[in-house]
Each structure stands twice: as structure tokens, then as C-alpha cells.
Amino acid sequence: GAGVSQSPSNKVTEKGKDVELRCDPISGHTALYWYRQSLGQGLEFLIYFQGNSAPDKSGLPSDRFSAERTGGSVSTLTIQRTQQEDSAVYLCASSLTPDQPQHFGDGTRLSIL
Amino acid sequence: KNQVEQSPQSLIILEGKNCTLQCNYTVSPFSNLRWYKQDTGRGPVSLTIMTFSENTKSNGRYTATLDADTKQSSLHITASQLSDSASYICVVSALTGNYQLIWGAGTKLIIKP
């Protein structure tokens, strides 16, 4: 596809379970970002991948959160032992280079029961 | 501390009217400033991106201005349409090694018929 694709679009799970969220960036984009957005709030930066450089993990809220980007393309955000406060929309974005505008997917809406 | 502040927090105007949204920032060193539009339930979409040397940039009915001396930007919407109802987010990029992006909380704009 032409845009950033995220899956699943919705995820409902029980507290304590692990979840994996997937992001397919636009082909050729070297930069990939993960954000979290709670209802009615602004975007919260989580993690940033740029090429083969070590990712910027400064926004990850706890060690339950991790992300990887395989082969410089697809990225997976993993949340272990989910808590109710993890409920939010998780947005992925990619850009051709870091100084170019980001293109966003429509997010994964995560609900923790 | 790098910060981006937007005002007003929310705004309601009648269809066909113009409006101006404000963004003040304290980001150094400055790289560029971006405006995004986020429709409800969707990821943000880039409207404009401006570098230090650019004072004005237009995208259809949207016109962004930048005053790098006072560290202020505005987004002017002309002849508003119902589809302009969205959150408008100001983002400033810092010229650091990892192109840090500082996100504003957004202005929620509602256009009424």
C-alpha cells in the first residue's frame, strides 16, 4: 500500500497479558516513530528508529515496553504484562528522512480490561 | 526546557469564517516547524513544514507563518468548511543528533454550520 499500515486496528485484552502491535512503514522511509495518544490528549513520543542507528528509547514509559524494527522496515511494539493505564491509541509514523514530514498510520486502539 | 504551547485549547466558529491558531515555542537549536491536522480517529496529516528562513507557507486554504525571532507561529484557515473540524497540532524539530520533535497539545477546532 501507499501509506503506513498498522495492525490490528483494535485490540482488546485482559490485564496482565502481552500484546504485539505491528507497523508497516512506507517503503524506503528510513525513520520510524511510535507514539501513544490517550483519549482527548496530545501525542506522547515512545521510540524512534533511524536507519541502522541505535533507537531512541527515551519515551518508553517502563521496561514493560519494547520495540524492534527488523530489516529496516516492519516494526513491532510489544507491551508485556499489560496494565489498564496502557489503554490508548498507539500510532506509528514514518518519514523519508528525519527532517521530512511524518506520515502516520491510523493507529491501533488498545483496550485493557 | 524545549516546549511547544498552543492556543486556544479549543475553538468553535461558524462555517465560512476565518480563524487563526497560535503556536509559541522555546526550542533550541531550531530546525523546522510543522503543522499537522488530526481528524477524529485518524492519524495526523502534515499540512506545512517551515525552516528558519521561511516566513509564510500556504497549503490551499491553510496559511502558516513563522517568526523565528519571537519564536511564534500561526496557522490561518480561510473560509472554513465543516471538514476543517479537527485538532491542529504544532510540532517543532530541534537540531539535535536525533532530530528531536517537540509536540504541542493541539487546538481542537469545531466548525458549525
Side-chain angles (χ1 to χ4, degrees), chain A residues 1-7 9-10 21 23-26 29-60 88-111, chain B residues 1-10 21 23 25 27 29-54 57 59 62 64 75 86-110:
Chain A
V4 175
S5 177
Q6 292 188 245
S7 62
S9 55
N10 286 281
L21 312 180
C23 173
D24 280 277
I26 294 173
H29 280 197
T30 64
L32 186 146
Y33 307 78
W34 282 99
Y35 295 91
R36 179 168 71 175
Q37 188 172 33
S38 300
L39 188 63
Q41 301 298 309
L43 270 69
E44 175 189 2
F45 166 75
L46 296 177
I47 189 169
Y48 160 57
F49 295 89
Q50 171 54 40
N52 295 321
S53 302
D56 176 358
K57 304 180 182 179
S58 60
L60 295 179
V89 175
Y90 289 81
L91 290 160
C92 175
S94 70
S95 61
L96 188 61
T97 56
D99 60 339
Q100 294 295 308
Q102 297 176 359
H103 298 260
F104 282 82
D106 284 334
T108 293
R109 184 175 300 277
L110 178 64
S111 298
Chain B
K1 179 182 178 183
N2 288 332
Q3 283 186 318
V4 174
E5 294 183 352
Q6 293 188 243
S7 61
Q9 188 173 30
S10 62
L21 313 180
C23 173
Y25 62 92
V27 175
F30 175 87
S31 176
N32 58 60
L33 185 144
R34 313 164 185 209
W35 283 95
Y36 285 85
K37 177 187 179 189
Q38 185 177 23
D39 293 315
T40 300
R42 306 297 300 273
V45 173
S46 177
L47 294 176
T48 65
I49 180 170
M50 290 187 291
T51 59
F52 184 88
S53 59
E54 296 175 293
K57 183 166 279 190
N59 178 355
Y62 301 103
L75 181 69
S87 287
Y88 291 84
I89 309 170
C90 176
V91 188
V92 180
S93 174
L95 195 63
T96 57
N98 62 351
Y99 282 93
Q100 182 187 16
L101 295 172
I102 298 92
W103 289 75
T107 291
K108 186 173 178 61
L109 177 64
I110 297 173

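Below, chains carry the letters A, B, ... as their sequence lines are ordered, and counting in each starts from 1. Values below: every heavy atom of this structure, side chains too, minus hydrogens, waters and symmetry copies.
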**Q.** Heavy-atom neighbours of B/Q3 CD exceed 12 at 6.0 Å
**A.**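 Result for CD/B/Q3: enclosed.
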To the nearest 0.5 Å, how far apart are [atom1] in [X] and [atom2] in [Y]?
| X | Y | atom1 | atom2 | value |
| --- | --- | --- | --- | --- |
| B/T51 | A/D99 | OG1 | CG | 10.0 Å |
| A/Y33 | B/L101 | OH | CG | 5.0 Å |
| B/S46 | A/Q102 | OG | CD | 9.0 Å |

Q. Looking at side-chain heavy atoms only, is the closest gap between B/Y36 and A/L43 below 4.5 Å?
A.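 Heavy-atom side-chain distance check fails, nothing below 4.5 Å.
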Q) Closest approach of A/Q37 and B/Q38, non-hydrogen atoms and distance? A)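 That would be OE1-NE2, 2.9 Å.
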Q. How far apart are the closest heavy atoms of B/G43 and A/D106, and which atoms are they?
A.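 Answer, listing the atom of B/G43 first, then A/D106: N-OD1, 3.3 Å.
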**Q.** Residues forming a side chain to side chain donor-acceptor pair (under 3.5 Å) with B/Y88, sequence neighbours excluded
**A.**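 By the side chain to side chain donor-acceptor pair (under 3.5 Å) rule, B/Y88 matches B/Y62.
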